[in-house]
Amino acid sequence: MDHDQQVLAAPEAESGLITAQLVPCEERLSFLPQRFGPHFLLAENTIYDTMGRLCSAYTDGFWAFYLLSNGGAFMAPTDALAYHVECEGNGYEGWLEAKVAGMGVTAMALNRLSFMRGGARYADLFYRLREYISQQPQARQLFALLD
């Protein structure tokens, strides 16, 4: 098993339910390089940029990091309880809770990054996050955003 596979490997819950765990402060510095690999700064900035394009009210701020029990991950803004999100590309418009908006924005950014050279890591992370999204009560809204 190579390093990327080891980093992404995580035990699946026996029930099949994927859980998200907030990354503690003391693990934040290692989270991005471990999850997103050598291009973690590009991944992080792509997520922020995607949020800025989808939400005109977004003006930067602190983001929470979440690790999924299936080896996936996502980031979520914390400066508001909800964000009004608009995607011109597919016509989606709606309010999403901050954590839910973060799931959608991270998925969109990972999808975008998956098409760059060496993007297999991002494609894998996208599908792990997509699997988690499919189990959420807001899945319909998120899939409309991602469509």
[atom2] on [Y] to [atom1] on [X], rounded to 0.5 Å:
X: Leu96; Y: Leu81; atom1: CG; atom2: CG; value: 13.0 Å
X: Leu129; Y: Asp124; atom1: CG; atom2: CG; value: 11.5 Å
X: Leu29; Y: Phe31; atom1: CG; atom2: CZ; value: 12.5 Å
X: Phe62; Y: Asp60; atom1: CZ; atom2: CG; value: 13.5 Å
X: Phe74; Y: Leu125; atom1: CZ; atom2: CG; value: 13.0 Å
X: Thr106; Y: Asn111; atom1: OG1; atom2: CG; value: 12.5 Å

Taking the side chain from [X] and the backbone from [Y], do they hold a donor-acceptor pair closer than 3.5 Å?
X: Asn45; Y: Leu41; answer: yes
X: Ser114; Y: Gly119; answer: no
X: Arg35; Y: Gly71; answer: yes

Does [atom1] belonging to [X] count more than 12 external heavy atoms closer than 6.0 Å?
X: Glu88; atom1: CD; result: no
X: Gln21; atom1: CD; result: no
X: Glu97; atom1: CD; result: no
X: Tyr127; atom1: OH; result: no

Tell me whether the guanidinium CZ or amine NZ of Arg28 lies under 6.0 angstrom from the six-membered ring centre of Phe65 and within 45° of its axis. yes

Can you see which heavy atom on [X] is nearest to which on [Y], and at what distance?
X: Tyr132; Y: Ala20; result: OH-CB, 3.4 Å
X: Ile133; Y: Met103; result: CD1-O, 4.0 Å
X: Leu67; Y: Gly72; result: CD1-O, 3.5 Å
X: Asp147; Y: Asn90; result: O-ND2, 2.8 Å

Test of understanding: clusters of I, L, V, M, F, W, Y form through side-chain heavy atoms closer than 4.5 Å, transitively. Do Trp95 and Val100 belong to the same one?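 As far as the 4.5 Å side-chain criterion goes, Val100 and Trp95 are not connected within one cluster.
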
Where does the angle between the aromatic ring planes of Tyr58 and Trp63 fall among parallel (under 30°), tilted (30 to 60°) and perpendicular (over 60°)?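 Correct class here is perpendicular.
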
Please assess Met108 against Leu145 for the test side-chain contact (heavy atoms from CB on, under 4.5 Å), listing each intermediate value before the final yes or no. CA-CA 9 Å; Met108 291 181 91; Leu145 172 63; 4.0 Å; yes

